[in-house]
Amino acid sequence: MHRFIPALKVLLFLLCLAPLARLGWGFQQDTLGANPIEALTRGLGTWGLNFLLITLAVTPLRKLSGWHWLTRLRRMLGLYAFFYVLLHLTSYLWLDQFFVWQDIAKDILKRPFITVGMAAFVLLVPLAATSNNYAIRRLGGKKWTQLHRTVYPIGIMAVLHYTWLVKLDVTKPLLYGLTLAALLGFRVLWRYREKQKQLGGAYLRKPKGRIIPIVAKR
Amino acid sequence: MLIKRAAANDCLPSEITPPEIFARRREFMQFSAAALASGALGALLPSAEAAEKLAGKPSPLSTPESPTPYKHVTGYNNFYEFGTDKEDPAANAHLLQTQPWSVSVEGLVKKPKTFDIDQLVKLAPLEERIYRLRCVEGWSMVIPWVGYSLAALLKQVEPTGSAKYVEFISAVQPENMVGVQRRVLDWPYVEGLRLDEAMHPLTLLTLGLYGEVLPKQNGAPVRITVPWKYGFKSAKSIVKIRLVEKQPLISWEKANPREYGFYSNVNPTVDHPRWSQARERRLGEFTKRETLMFNGYNEVASLYAGMDLRKYF
Ligand code: HEM
């Protein structure tokens with residue numbers, strides 16, 4: 001399998017660009033409907049959230065399937081999540097607000113769905129910034145892992161952002177919420193199972209303290 | 001996409017469509033309708049029927065702004081009975097059963113009456129009223145409606161002295177309306193106006209748009225249009241009009257009283273709790289426009305003299 005990883009990465013890299021290409025092409029060709037700017041902002045937000053959840057699915061998939069090479073694709077998926085959210089934010093700042101900073105500040109403070117979206121974005125920045133080998137070495141594995149656990153609250157905030165922006169019909173945000181709950185729930189269950197295994201297997205391990213061999217001397 | 005610079009808040013002379021272009025567009029539409037009827041495009045659009053013409057004489061109440069393209073007017077709107085996405089009505093409304101159709105006008109009136117749709121069409125001279133439409137979600141259109149002032153209908157039934165409000169009840173056809181199968185709103189859709197609002201000449205009993213009978217997704221066969229209020233106040237596919245004494249509880253207010261009020265006048269200074277109402281995106285334009293008080297229909301301001309419009313939002 002490992003031989004194919006570089007090729008797989010190239011393929012995945014291009015595949016992840018497809019939603020952007022579709023949106024860009026649609027915008028250019030005017031096939032995004034009556035309100036193309038809204039469609040663009042929403043499309044980018046949707047794909048930001050999609051990639052966030054895809055990234056969160058890597059670990060459960062790996063554990064269930066035993067395909068450890070999946071982890072080697074995780075960084076790219078996470079960075080794509082950030083990339084789409086960044087474009088989503090840009091589309092909001094530019095095409096929705098035309099960089100009128102007072103209005104933007106008011107929006108962030110006054111509209112709960114924007115507030116929580118912005119918070120999610122701000123928390124994503126350090127994760128994106130430390131998604132490289134140099135940062136991992138500098139921080140050390142443990143610190144790095146701790147930092148990157150903020151992706152869990154980020155996921156929750158992103159789903160809240162979606163839930164709060166719809167007027168009445170929360171079907172789609174609910175589906176995202178359930179998916180997220182399954183992905184996070186898996187981790188809790190898995191950890192619980194590991195603990196049980198450890199406890200259950202305790203007597204098989206070497207006991208602590210001095211061991212006095214009870215062997216009769218001849 | 002069509003990129004057009006928006007004027008700050010009023011309409012530029014360049015936005016006024018010269019009549020010859022307006023007429024040519026109509027020719028094109030007639031041609032398209034004819035093509036559809038002849039089946040030339042029929043294979044591509046199986047559910048499309050040739051639209052029936054419904055002309056109205058130009059009205060001085062029309063805005064000179066250029067209308068939003070027909071495909072956007074009929075392809076992007078809210079009509080929750082057919083789904084909650086703005087493309088849903090165009091996709092699902094063809095199932096709406098509009099024949100036969102009658103509207104019962106009842107309640108506190110001296111002469112309650114049920115009007116057949118053909119009677120409604122002939123009740124008063126049809127006018128073409130080109131109105132701005134501002135959705136509570138922050139987008140807007142310009143639509144050439146066909147109809148006459150609702151007052152003409154209300155006068156026929158003679159409201160009694162105790163009638164203070166008018167309630168509009170929309171059709172519910174569970175088998176034909178995919179959105180009704182889910183309880184997003186409490187069906188039937190109920191809207192309402194104060195009697196003086198309903199009697200205002202701008203309030204239009206609407207039977208058509210773009211010179212043809214109302215497409216189903218736009219509220220066929222009869223709806224009202226209240227251009228100085230957010231779009232959801234203009235009830236679609238109406239089956240009953242009741243004159244009542246107490247303020248009706250309208251559907252959106254019932255669903256979320258904190259966010260939607262009975263009056264729902266377009267007002268750039270009163271924000272929706274979840275978004276600003278200061279600006280709007282006119283479909284087809286790149287930059288946003290300033291939203292105007294009462295959607296630019298200042299002649300209605302006197303209806304609200306002395307009222308705190310923050311409280312009565
Ligand atoms: C982790 C960060 C974020 C994610 C995952 C995210 C995701 C989403 C999603 C899924 C939607 C709904 C799309 C739809 O309705 O189909 C959305 C809408 C929206 N988001 Fe975000 N978002 C994020 C951050 C932000 C930020 C930082 C802002 C602005 C400061 C923002 C502004 C908006 C706006 C204005 C809409 C509504 C667009 C409209 O209704 O026209 N989002 N976002």
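Throughout, protein chains are lettered first and strands after them, A, B, ... in sequence-line order, and every chain is numbered starting at 1. Quick caveat, the model's predicted, so the values are computed rather than measured.
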**Q.** NZ/NE/NH1/NH2 to OD/OE distance under 4.0 Å, B/D85 and A/K172
**A.** yes
Q) Looking at B/E87, B/R182, B/E259, which has the largest count of heavy-atom pairs under 4.5 Å with chain A? A) B/R182
**Q.** Portion of B/W139 that has a non-hydrogen atom of chain A nearer than 4.5 angstrom
**A.** side chain
Q) Side chain, backbone, both or neither: which part of B/V136 has a non-hydrogen atom closer than 4.5 Å to chain A? A) side chain
(Q) Would you say OH of A/Y192 has more than 12 non-hydrogen atoms from neighbouring residues, nucleotides or ligands within 6.0 angstrom? (A) no
Q: Would you please go through residues 266-273 of chain B and name the residues with a non-hydrogen atom below 4.5 Å from one of chain A, in numerical order?
A: B/D271, B/H272, B/P273
Q | Part of A/V166 lying under 4.5 Å from any heavy atom of chain B | A | backbone
(Q) If we check side-chain contact (heavy atoms from CB on, under 4.5 Å) with A/K167, which of these qualifies: B/N78, B/N256, B/T84, B/V184? (A) B/N78
Q | Under 3.5 Å donor-acceptor, B/R274 side chain and A/F113 backbone | A | no
Q. For A/T31, is it the side chain, the backbone, both or neither that has a heavy atom under 4.5 Å from a heavy atom of chain B?
A. neither
(Q) Just checking A/W190: does its CH2 atom have more than 12 heavy atoms from other residues, nucleotides or ligands closer to it than 6.0 angstrom? (A) yes
Q) Which pair of non-hydrogen atoms, one from B/R281 and one from A/D96, has the smallest distance, and what is that distance? A) NH1-OD1, 3.9 Å
Q.
Could you check whether atom CZ of B/R258 has more than 12 heavy atoms from other residues, nucleotides or ligands sitting under 6.0 Å from it?
A. no
Q.
With a sphere of 6.0 Å drawn around CZ of A/F13, does it hold more than 12 non-hydrogen atoms of other residues, nucleotides or ligands?
A. no
Q: Taking all non-hydrogen atoms of both residues into account, name the closest pair between A/F98 and B/F286 and its distance.
A: CZ-O, 3.2 Å
Q: List the atom of A/R111, the atom of B/S276, and the distance in Å for their closest heavy-atom pair.
A: NE-N, 3.3 Å
Q | Heavy-atom contact with chain B under 4.5 Å, split by part of A/L95 | A | both
Q) How close do A/L168 and B/A255 get, heavy atom to heavy atom, and via which atoms? A) CD2-CB, 4.0 Å
